[in-house]
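Remarks on the structure that follows.
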There are 2 protein chains.
Amino acid sequence: MAASATREKIVSSADQLFYERGFEVTSFADVAEMVGISRGNFYYHFKTKDEILDAVIARRIKDRDEMLGRWIDGDQTPKQSVASFIRILEMNNKKIRSSGCPVGTLFSELAKLNHPGRPAARGLFDLFRVWLRRRFEEMGRHRDADALAMHILARSQGAATLANAYPDEPFLETEVAQMLAWLDAVADQQDQTQQDT
Amino acid sequence: MAASATREKIVSSADQLFYERGFEVTSFADVAEMVGISRGNFYYHFKTKDEILDAVIARRIKDRDEMLGRWIDGDQTPKQSVASFIRILEMNNKKIRSSGCPVGTLFSELAKLNHPGRPAARGLFDLFRVWLRRRFEEMGRHRDADALAMHILARSQGAATLANAYPDEPFLETEVAQMLAWLDAVADQQDQTQQDT
DNA sequence: GTGATTCTAGGTCATTTGTCCTAATTTTGG
DNA sequence: CCAAAATTAGGACAAATGACCTAGAATCAC
């Protein structure tokens with residue numbers, strides 16, 4: 001098989017295992033078994049475990065970046081774009097209930113491990129943060145765009161954590177509705193400000 | 001030394017290490033070294049690693065339960081009590097920035113490990129949830145007390161996660177202020193409701 | 001004080017881990 | 001079709017892990 005195809009399989013399998021079981025707990029053998037290759041072959045593609053982590057993070061960033069790009073394509077208003085972000089929680093409902101947020105839980109683990117990959121993992125947060133900030137700026141919220149972005153990021157994280165803790169309750173749906181209501185209020189405030197000036 | 005004293009030292013050291021480094025990553029040797037006893041002695045007090053985890057969770061529950069109890073002692077209003085809860089984030093500012101929330105990160109890890117201690121760890125969430133629910137009920141919010149409790153729990157979790165990701169920014173302070181403002185609004189709504197009836 | 005109980009130290013054991021090596025196999029270029 | 005390059009398999013290795021055992025030291029009851 002072409003090396004690039006095997007490499008891609010390794011990274012996608014590692015991505016899934018890191019998410020479902022955690023980075024430290026997932027071994028070379030686990031990933032190799034899931035891909036269906038030998039541990040020796042594995043080493044041909046990745047010299048160290050940290051290299052796989054880098055590749056997984058890069059893959060997640062690329063994936064999310066493309067997703068965010070799709071949400072500003074076409075004629076969507078900034079508010080509609082932010083609403084799409086909020087609905088990630090619903091979209092990934094099942095996964096979040098069983099494993100939490102892929103961004104938040106990975107960072108938490110790397111923080112505890114004092115792992116050198118921490119800044120790269122923070123890059124995932126930055127991606128969403130900057131994208132959200134831009135949307136709020138487009139809504140006219142130049143002064144507090146970053147604070148609004150951080151606020152909604154935090155609420156998403158909290159919702160994911162509690163949905164993970166209480167997977168049998170319809171908490172995620174309730175929280176998404178409240179966040180969308182919050183978004184409505186923010187957009188209305190913006191309208192008022194425009195009327196004032 | 002009395003067995004109970006050694007045991008207590010083990011549990012408190014394990015508590016700290018599980019919080020700062022994670023449960024799975026912390027070894028018997030790590031805890032024993034921190035306590036200053038031999039690994040063999042360790043086994044006299046705890047047969048398995050899961051037993052230590054149970055003891056750590058029980059310790060955290062006891063600790064938080066006493067803390068919550070102090071916050072309803074005396075003549076504090078329910079609103080003041082909830083405000084005390086919100087200010088945990090400020091109180092543990094430093095620790096949260098470096099290791100996140102002790103409740104949320106432990107549960108996340110156990111969830112990924114599919115660890116049998118998961119329900120016990122959820123008990124920590126339950127403790128706060130029920131306590132907060134009671135406070136909102138005392139504020140007259142009988143209908144949505146649980147939803148309000150879950151909401152503020154989620155926001156605390158989210159704030160802790162982002163503060164961990166961005167430890168150099170004054171995010172926690174901002175978020176606490178917003179949560180206190182939210183609490184004001186909730187209390188006001190309650191006052192209005194009382195006026196209506 | 002002495003015998004019994006509680007506590008501690010240090011070691012063993014099989015298993016798993018990340019890392020690394022080498023030989024075989026597959027694919028590719030001319 | 002064949003040599004060179006790319007890819008793979010399988011094993012070796014030291015270190016670390018959770019679990020377990022036994023003998024000695026400290027403490028207590030009487």
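Each chain gets a letter, A, B and so on, in the order the sequences are listed, and its residues count up from 1. Because only heavy atoms are used, hydrogens play no part in the values below, and waters and symmetry mates are left out as well, while side chains stay in.
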Exercise for the section: Could you state the atom-to-atom distance from CD of A:Glu8 to P of D:dT7 in whole Å? Expected result: 15 Å
Exercise for the section: Write down the distance between CD1 (A:Ile37) and C1' (C:dT25), rounded to a whole number of angstrom. Expected result: 15 Å
Exercise for the section: Would you check if the side chain of A:Arg135 reaches a backbone N or O of A:Trp131 as a donor-acceptor pair within less than 3.5 Å? Expected result: yes
Completion exercise
Atom CG of A:Leu113 and atom P of C:dG18 are separated, to the nearest Å, by 13 Å
Exercise for the section: Could you work out which one of D:dA9, D:dT8, C:dT19 sits closest to the side chain of A:Thr6? Expected result: D:dT8
Practice task
Starting at atom CZ of B:Arg39, determine the distance to atom P of D:dT22, rounded to an integer number of angstrom.
Solution key: 18 Å
Handout entry: Centroid-centroid distance, A:Phe42 to A:Phe28, less than 6.0 Å
Key = yes
Problem - D:dA19 OP1/OP2 closer than 4.0 Å to side-chain N/O of B:Tyr43 - result: no
Exercise for the section: Looking only at side-chain atoms of B:Ser38, point me to the closest of C:dG10, D:dA19, C:dC20. Expected result: C:dG10
Exercise for the section: Starting from P on C:dT15, measure out to CG on A:Asp30 and report it in whole angstrom. Expected result: 17 Å
Exercise for the section: Give the cluster check for B:Tyr43 versus B:Leu53: same hydrophobic cluster or not, with ILVMFWY residues linked at side-chain heavy-atom distances below 4.5 Å. Expected result: no
Exercise for the section: Could you tell me the separation between the CD atom of A:Glu24 and the P atom of D:dT17, rounded to a whole number of Å? Expected result: 10 Å
Practice task
Describe the nucleic acid contact of A:Tyr44 in one word from base, sugar-phosphate, nothing, applying a heavy-atom distance below 4.0 Å.
Solution key: base
Practice task
Take the protein atom CD of B:Glu51 and the nucleotide atom P of D:dC20, then report the distance between them rounded to whole Å.
Solution key: 10 Å
Problem - Selected nucleotide, minimal atom distance to A:His45 side chain, candidates D:dT17, D:dA19, D:dT8 - result: D:dT8
Problem - For atom CG of A:Asp50 and atom P of C:dT17, their distance in whole Å - result: 17 Å
Problem - Main-chain N/O of B:Ile96 paired to B:Ser99 side chain as donor or acceptor, under 3.5 Å - result: no
Problem - Selected nucleotide, minimal atom distance to B:Asn41 side chain, candidates C:dT8, D:dA19, D:dT8 - result: C:dT8
Practice task
State whether the number of non-hydrogen atoms from other residues, nucleotides or ligands found under 6.0 Å of A:Glu33 atom CD is greater than 12.
Solution key: no
